[in-house]
Number of protein chains: 2
Amino acid sequence: MDAIDLNLVDLLRGNARLSYAELARQVGLSAPAVHERVGKLESGGVIRAYRAEVEPETIGLGVTALIGIVEDSGADTDDVLEAFRVMPEIESCYFMAGVESFLLKARVGTIAELEQLIVRLNRTPGVASTRTGIALSTKWENRPQSVAPPTA
Amino acid sequence: MDAIDLNLVDLLRGNARLSYAELARQVGLSAPAVHERVGKLESGGVIRAYRAEVEPETIGLGVTALIGIVEDSGADTDDVLEAFRVMPEIESCYFMAGVESFLLKARVGTIAELEQLIVRLNRTPGVASTRTGIALSTKWENRPQSVAPPTA
DNA sequence: ACAGTCCGTGGACGCCATCGACCTCAACCT
DNA sequence: AGGTTGAGGTCGATGGCGTCCACGGACTGT
């Protein structure tokens with residue numbers, strides 16, 4: 001994990017579809033060398049996936065909500081997690097310090113679907129209460145912060 | 001935006017580095033046809049970017065925080081937004097309904113850096129107060145939910 | 001000094017991206 | 001009805017790219 005690796009990570013966070021040849025030009029190595037480095041970053045768990053970032057409204061997911069979850073005393077946290085995992089609307093799930101054990105980011109098509117999701121969440125065993133906030137607009141999301149040394 | 005487009009979006013959300021030839025095989029079209037469709041999805045604002053998803057701890061960003069922002073009465077929301085925008089640690093920024101106008105997701109290397117970020121946030125004009133929750137662990141993040149019709 | 005290891009380069013080969021020419025079908029106009 | 005037009009597809013060609021392999025130079029431990 002040296003400066004070149006950080007550089008590659010930065011480049012791929014900016015544009016995951018760059019060719020190995022282009023990456024090679026940017027970092028000053030040959031294409032096979034870059035190919036091997038990126039392969040190691042992938043298998044070493046640094047690069048988890050490559051995803052297209054989509055404007056959610058355009059695919060019918062216009063409603064974004066952030067939902068805090070308070071657990072029952074004595075709830076089995078793993079069971080609760082598993083219940084959340086099978087709900088595809090829950091795009092992100094953070095285990096938090098504080099009264100609310102989880103913070104979820106959910107994306108649905110309509111307010112009615114959000115209501116149904118909240119009902120389902122309140123019904124799942126181990127969940128004491130939920131507190132949901134609606135995002136009126138997403139200013140930006142998952143902006144990659146540069147991590148490479150300045151003089152690359 | 002037909003079923004094939006939704007299918008392509010799904011495939012690219014799952015793996016942004018799929019070749020056009022592979023996409024073509026999956027959706028049953030020729031590679032040039034897929035190339036043109038994806039180009040239109042990009043220029044039409046459906047696909048915003050392609051990003052490598054990185055395990056944050058491996059690049060020195062081990063601390064994740066979610067920060068609610070209450071604005072001063074009479075604050076200029078655009079100015080506040082602009083102040084947030086230049087802080088690279090703020091990876092996501094949602095404009096919310098409720099007392100807290102914004103919810104920010106920030107990622108830093110250490111608790112000390114988080115402290116400095118919170119101080120800076122509290123100092124920015126228009127910000128009345130902040131409330132920050134620390135994520136002890138990220139169970140998952142930006143999981144793409146399938147949006148294509150079932151029998152594709 | 002020497003062997004082993006790591007990490008790189010260069011060459012080769014088959015697949016892929018991408019362009020242009022052509023085809024098909026449906027909508028629309030006369 | 002028939003002709004025209006345009007969107008969106010296929011096919012074929014070509015140049016660049018991904019990827020495998022053999023080889024080479026620098027560091028390390030003995």
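Note: hydrogens, waters and symmetry copies are ignored here, and every other heavy atom, side chains too, is used. Computed from a predicted structure; not experimentally measured. All chains are named by letter (A, B, ...) in the order of the sequence lines, taking the proteins before the strands, and each is independently numbered beginning at 1.
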On the six-membered ring of B:F95, is A:K139 placed so that its NZ or CZ lies under 6.0 angstrom from the centre and within 45° of the ring axis?
yes
Taking only N and O in the side chain of B:K40, is any of them less than 4.0 Å away from OP1 or OP2 of D:dG8?
yes
Once each nucleotide of nucleotides 10-25 of chain D is scored for protein heavy atoms under 4.0 Å, what B/S/- sequence comes out, 5' to 3'?
BB-----SSBB-----
d(CD1, B:I4; P, D:dG8) in whole Å:
12 Å
Exceeds 12 heavy-atom contacts within 6.0 angstrom, atom CD of A:E115:
no
Go through B:F102 and B:F84 one step at a time and tell me if the ring-ring contact (aromatic ring centres under 6.0 Å, His included) criterion holds.
CA-CA 10 Å; B:F102 294 101; B:F84 292 164; 5.3 Å; yes
Is it true that, when you exclude A:E22 itself, more than 12 heavy atoms of the residues, nucleotides or ligands shown sit nearer than 6.0 Å to its CD?
yes
Expressed in angstrom and rounded to an integer, what is the separation of A:E36 atom CD from C:dC6 atom C1'?
9 Å
Starting at atom CG of B:D2, determine the distance to atom C1' of D:dG8, rounded to an integer number of angstrom.
11 Å
B:Y20: partners by ring-ring contact (aromatic ring centres under 6.0 Å, His included), with sequence neighbours left out:
B:H35
Going from OG on A:S92 to NZ on B:K105, what distance comes out if it is rounded to the nearest 0.5 angstrom?
6.5 Å
